[in-house]
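Sequence lines set the chain letters: A, B, ... in the order given, protein chains first and strands last, and positions in each chain run from 1.
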Amino acid sequence: MNATGEQPSSEPQQNDQQAFRYTGALAQQIELRWQDWWDEHHTFETPNPAGPLADPEALAGKQKLFVLDMFPYPSGSGLHVGHPLGYIGTDVYSRFKRMTGYNVLYSMGFDAFGLPAEQYAVQTGQHPAVTTAQNVANMRRQLRRIGLSHDRRRSIDTTDPGYYRWTQWIFTQIFNSWYDTDRKVARPIAELVAEFDAGTRPTPDGRAWAALSAAEQADVVDNHRLAYISEAPVNWCPGLGTVVANEEVTADGRSDRGNFPVFKRNMRQWMMRITAYADRLIDDLDLLDWTDSIKAMQRNWIGRSEGARVHFESAAGAITVFTTRPDTLFGASFMVLAPEHPLVAALTTDSQREAVEAYVRAAQAKSDVARQVDDKTKTGVFTGSYAANPINGAQIPVWIADYVLMGYGTGAIMAVPCGDERDFEFARQFGLPIPAIQQPPAAWFEQQGIAVQQGDALDTAAWPEAFTSDAPYVHSTNASLDLNGLDSIAEAKRRTNAWLAANGHGEATITYKLRDWLFSRQRYWGEPFPIVYDDEGMAHALPDSMLPLELPPTDSFSPRTFDPDDAMSNPESPLDRLADWAHPVLDLGDGPKRYHRDTNVMPQWAGSCWYELRYLDPTNTDRFVDPAVEQYWMGPQGDGHPGGVDLYVGGVEHAVLHLLYARFWHKVLFDLGHLSSKEPYHRLFNQGYILAAAFKDEREIYVDAFSVEERDGQYFSGGQPVTREWGKMGKSLKNAVAPDEIYEAYGADTLRLYEMAMGPLDASRPWETRDVVGMYRFLQRVWRNLVDEDTGALRTDLPAFDDATDRVLHRTIDGVRADMDAMRFNTAIAKLIELNNHLTKLGGCPREAADRLVLMLAPLAPHLAEELWRMLGNTDTVTYLDFPIADPALLVDDTVEVPVQVNGKVRSRIIVAADADQATMEATALADPKVQAALGGNAPKKVIVVPGRMVNIVG
RNA sequence: GCCCGGGUGGCGGAAUUGGCAGACGCGGGGGGCUUAAACCCCCCUUCCCGCAAGGGAGUGUGGGUUCGAACCCCACCCCGGGCACCA
């Protein structure tokens with residue numbers, strides 16, 4: 001079976017089986033029919049308040065709900081059963097919310113620029129647009145087959161010029177903005193120029209704005225832009241032939257795509273000034289309903305550290321260090337500079353020159369890979385120079401070492417070896433002094449296995465390691481600052497910072513690990529930059545009227561790649577080769593002139609930075625989104641909801657990259673007045689993964705998981721022993737299960753139910769094809785409890801409705817409603833199965849229970865629910881009907897059975913009125929023979945009664 | 001090393017957040033239906049002792065708080081994820 005519309009056979013599969021049993025074949029027939037019906041009736045089209053999709057009547061009186069999946073890359077290999085886990089979750093939730101009165105926006109797009117399509121094009125010579133279109137079409141078909149209730153009018157594809165026209169427009173917005181650090185917002189660049197011109201903002205060198213040449217003015221402006229070109233250390237990956245972002249480099253210094261070595265090289269590249277937003281990206285995490293772990297990962301990545309800059313005077317001028325511990329300045333006994341530090345040459349004395357130059361050369365030749373090996377033995381060289389510690393005037397030696405990184409802080413540190421492990425190790429290695437500035441407690445000395453030292457007897461020569469904890473300061477005093485005896489680090493820092501500022505030796509400051517975002521790639525399959533350069537090399541953004549700037553056709557898609565280890569190679573973009581395209585004649589307002597285009601393309605992340613906004617207003621050709629529509633779906637809500645997508649579901653692998661970049665763009669657009677919410681994704685939910693067993697043979701190569709047999713707990717493939725491990729289902733582990741197999745055997749509703757029943761949505765769980773049958777049997781029983789399997793019509797022999805069934809029904813409604821709302825689909829399903837098991841024992845589903853059972857099933861198994869709903873005599877879709885509501889009166893029983901514990905052990909159960917008071921329950925419990933036996937004739941010392949719940953007797 | 005999660009039957013997982021541990025599903029055992037099998041229906045299924053009634057143990061380990069702990073506290077052991085020479 002495939003999903004091209006071929007009709008499944010409805011012939012009975014076994015000779016004597018009923019013609020209308022709910023088999024895989026019948027399920028498919030039902031599903032394909034309803035999928036067509038939904039399309040024909042535009043069932044899932046969601047109204048907007050304004051614009052072409054407007055239907056104000058349809059949304060009147062409803063609350064909005066924006067449910068979003070992280071959109072997929074349309075890969076050529078299609079979906080396996082692991083992919084749609086999150087999509088099924090959002091679909092069930094969306095369907096449930098529609099039945100509880102929400103106007104739900106739910107769609108799906110495709111993140112279709114990127115490497116695989118380009119690499120495939122390089123291999124086959126087929127244009128990536130062609131393969132991408134095929135893959136997108138295939139994926140749409142696959143998603144439709146699962147029964148996902150997407151509004152397909154709103155679907156987007158990032159490679160569609162109608163979409164990337166606005167990606168380019170947003171880029172020009174960012175390019176034409178600067179960050180006002182006083183007001184802490186992005187503002188149009190024209191306002192900056194106006195401030196310079198009016199003299200309300202001083203120019204960098206203090207001259208009047210009008211006195212600057214055009215080139216000088218452009219230079220000042222460029223230095224403020226949020227998107228700017230910079231000659232800066234970037235990650236050059238010769239094996240890929242492109243530069244990549246910091247976030248795309250793995251911990252061992254390789255590209256996350258392709259696993260090639262990455263080298264730090266100075267190159268002219270586009271950057272985005274995301275660092276300007278570092279504080280807001282941290283602070284606004286507090287607005288978000290995200291898990292603590294994702295918030296922690298974002299904070300970690302941004303890496304905010306409060307500390308101080310301190311200036312050390314040397315013969316070569318002031319050396320500025322960054323430290324988070326200015327309070328330990330009295331213990332700074334040497335300095336260490338990164339080998340790349342600009343003052344190294346000036347500091348190096350003749351006698352040390354040879355050694356220093358050799359060390360610097362060696363450090364440069366080391367790739368990041370080599371520099372980050374886990375061997376943390378310290379290396380370094382003395383420059384021959386000294387600098388003055390401002391706090392005590394001591395002349396301390398200046399060294400260089402590669403454990404100090406040029407990319408963080410100022411690229412120079414003050415070393416406080418007594419309190420810092422790295423500095424301690426370095427001092428030991430090179431015999432540098434280690435003055436003590438804190439009095440460690442006796443316990444610490446004991447733990448170190450050395451004699452306790454006090455006061456003037458403190459002698460670090462005996463210490464096996466640095467003392468890194470909190471303890472009172474000693475030897476920390478000069479003429480105007482005294483920290484001795486203090487045991488509050490915060491207070492000591494405060495006093496030292498004040499002293500530094502008062503004496504001009506430094507100031508409190510904040511640094512971040514976050515670097516500006518490297519935004520250009522030397523590739524073909526991405527958004528071209530809407531930027532041209534004039535003869536003077538000045539960059540101009542293309543005006544709106546020239547957008548989209550479409551990717552030019554070519555049959556040469558490949559960037560030039562190099563030997564992966566050739567650090568000194570240089571990038572060549574495929575667009576460079578298109579001479580006509582790259583050198584257009586344009587009129588940018590001062591007559592037709594020849595320009596040359598920027599031949600880079602944007603990174604794949606660009607398209608995913610704003611796609612959710614385009615779902616709102618997908619066909620707008622005047623704006624990227626209509627403000628009225630944006631306000632409705634994304635604006636702050638009256639109930640304290642600060643705005644943004646109401647539920648965003650996706651994998652945890654995007655914890656830093658996509659989520660950080662998208663937040664950044666959103667904030668810029670918010671600052672510029674284009675958006676009404678501070679954050680794009682209010683509630684983030686990370687779904688787990690579907691894991692599957694994978695098997696490796698003795699050569700450590702994965703074997704086809706479906707060829708493996710188990711014998712006595714051992715696994716064999718083709719007679720050879722193999723070892724089992726668990727991994728994310730996928731092609732590379734050779735353990736992917738195609739959804740089509742499951743449809744064929746059971747239908748999509750069973751697949752949906754199985755994936756939702758396996759466990760909580762945020763947990764990863766192993767796929768077991770063997771277990772799928774459980775959900776199939778459940779749906780079969782639901783069907784059989786209502787439908788005559790011989791005729792396919794509603795049964796005429798349904799049992800009578802009774803009070804007990806009524807109570808079970810209402811308890812189920814109550815529980816399922818709560819579970820669905822909290823996205824606990826696994827326990828919702830369990831409750832529906834319990835209800836159905838009760839009905840099975842009755843001999844069928846009483847007509848009085850049928851409607852509500854079917855409606856509760858509708859979000860989970862929508863095709864079956866529609867079919868049964870029709871059979872029950874209705875003509876409308878279940879999609880917008882009210883989800884059943886429990887009658888509170890039927891949720892409480894007249895009597896309850898409660899356990900009676902004696903000394904904490906359950907010894908008996910008693911039946912009491914549900915509203916029995918404590919005294920009654922106590923008396924009933926004490927009268928129980930089993931309880932009396934357990935007490936062994938002793939009088940109870942104490943009786944605890946939880947009304948309606950339990951009794952505990954202490955004997 | 002640091003920061004997040006998490007450890008419950010043969011397996012996936014429940015447990016209204018301190019109140020009957022093991023819902024629901026898979027698997028397993030038994031029975032019914034059937035000439036027979038499949039399907040379907042019913043019963044049992046945490047472990048140990050016991051024919052049974054019943055008893056004992058039990059939520060990674062050890063301790064603690066509490067009338068009562070899978071849940072809270074302390075210490076530790078494993079597993080998964082993230083970060084890691086970031087001054």
Query raised in the report: In a check of salt bridge (charged side-chain N to carboxylate O under 4.0 Å, His left out) between A:R299 and each of A:D279, A:D286, A:D292, which one passes?
Result: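 With A:R299 as partner, A:D279, A:D286, A:D292 yield a single salt bridge (charged side-chain N to carboxylate O under 4.0 Å, His left out), made by A:D286.
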Remember a base hit wins even if backbone is also touched, and classify [X] as base, sugar-phosphate or nothing at under 4.0 Å, heavy atoms.
{"X": "A:T511", "answer": "nothing"}
{"X": "A:I833", "answer": "sugar-phosphate"}
{"X": "A:N300", "answer": "sugar-phosphate"}
{"X": "A:V954", "answer": "sugar-phosphate"}
{"X": "A:Q780", "answer": "sugar-phosphate"}
{"X": "A:K513", "answer": "base"}

[N] pairs with which nucleotide, Watson-Crick or G-U wobble, both distances below 3.5 Å?
{"N": "B:rC51", "value": "none"}
{"N": "B:rC83", "value": "B:rG1"}
{"N": "B:rA57", "value": "B:rU46"}

Requested in this report: Taking the side chain as every heavy atom from C-beta outward, state whether A:M775 and A:I833 have any atom pair closer than 4.5 Å.
Outcome: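 Counting from C-beta outward, A:M775 and A:I833 do come under 4.5 Å.
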How far does the [atom1] atom of [N] sit from the matching atom of [M], given to the nearest Å?
{"N": "B:rG9", "M": "B:rA14", "atom1": "P", "value": "14 Å"}
{"N": "B:rA23", "M": "B:rG1", "atom1": "P", "value": "40 Å"}
{"N": "B:rC67", "M": "B:rC79", "atom1": "C1'", "value": "36 Å"}
{"N": "B:rA57", "M": "B:rC39", "atom1": "C1'", "value": "41 Å"}
{"N": "B:rG6", "M": "B:rC71", "atom1": "P", "value": "13 Å"}

Query - Upstream residue (5' side of RNA chain B) when A:F322 and A:V652 are each assigned their closest nucleotide - result: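 Closer to the 5' end of RNA chain B: A:V652.
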Using a 3.5 Å cut-off and no angle test, enumerate the donor-acceptor pairs between side-chain atoms of residues 753-764 of chain A and protein atoms at least two apart in sequence or in another chain.
residue	atom	partner	partner atom	Å
A:Y754	OH	A:E768	N	3.2
A:Y754	OH	A:E768	O	3.4
A:S764	OG	A:Y689	N	2.8

Query - A:F430 six-ring centre to A:K378 NZ/CZ under 6.0 Å and within 45° of normal - result: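 So A:K378 doesn't make the cation-pi contact.
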Nucleotides 55-61 of chain B: which of its N/O atoms have a protein N/O under 3.5 Å away?
residue	atom	partner	partner atom	Å
B:rG56	OP2	A:R907	NH1	3.4
B:rA57	OP2	A:K905	NZ	3.4

Query raised in the report: Side-chain N or O of A:R299 less than 4.0 angstrom from OP1 or OP2 on B:rC4?
Result: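 No.
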Query raised in the report: Out of B:rA23, B:rG19, B:rA21, which has the shortest distance to the side chain of A:E834?
Result: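 Comparing B:rA23, B:rG19, B:rA21 against the side chain of A:E834, the answer is B:rA23.
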Report task. Select one nucleotide: of B:rA87, B:rC67, B:rC85, the one nearest the side-chain heavy atoms of A:I944. Result ->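 It is B:rC67.
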With a cut-off of 3.5 Å and sequence neighbours excluded, list every side-chain donor-acceptor pair involving residues 328-336 of chain A.
residue	atom	partner	partner atom	Å
A:T328	OG1	A:R325	O	2.7
A:S333	OG	A:P433	O	2.9

Requested in this report: Measure up the A:Y22 and A:W783 rings against each other and bin them: parallel (under 30°), tilted (30 to 60°), perpendicular (over 60°).
Outcome: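 Tilted, since the angle between the ring planes falls between 30° and 60°.
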Table of protein N/O atoms under 3.5 Å from nucleotides 41-45 of chain B N/O atoms:
residue	atom	partner	partner atom	Å
B:rC41	OP1	A:R781	NH1	3.3
B:rC41	OP2	A:R781	NH1	3.3

Query raised in the report: Taking NZ, NE, NH1 and NH2 as the nitrogens, is one of them in A:R811 or A:D893 under 4.0 Å from a carboxylate oxygen of the other?
Result: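 Yes, this pair counts.
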Report task. Spell out protein contact along nucleotides 5-17 of chain B as letters: B when the base is contacted, S when just the sugar-phosphate is, - when no protein heavy atom is under 4.0 Å; keep the 5' to 3' order. Result -> -------SSS-B-
Query raised in the report: Going by a 90° cut-off around 0, is B:rU34 syn or anti?
Result: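 Anti conformation here, the glycosidic angle of B:rU34 being more than 90° from 0.
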Report task. State whether a side-chain donor-acceptor pair under 3.5 Å links A:T275 with A:D516. Result ->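 Yes, because at least one side-chain N or O of A:T275 sits under 3.5 Å from a partner of the opposite role on A:D516.
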Query raised in the report: Which residue pairs pass the salt bridge (Lys or Arg N to Asp or Glu O under 4.0 Å) test with at least one member in residues 946-955 of chain A, sequence neighbours excluded?
Result: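 Found none.
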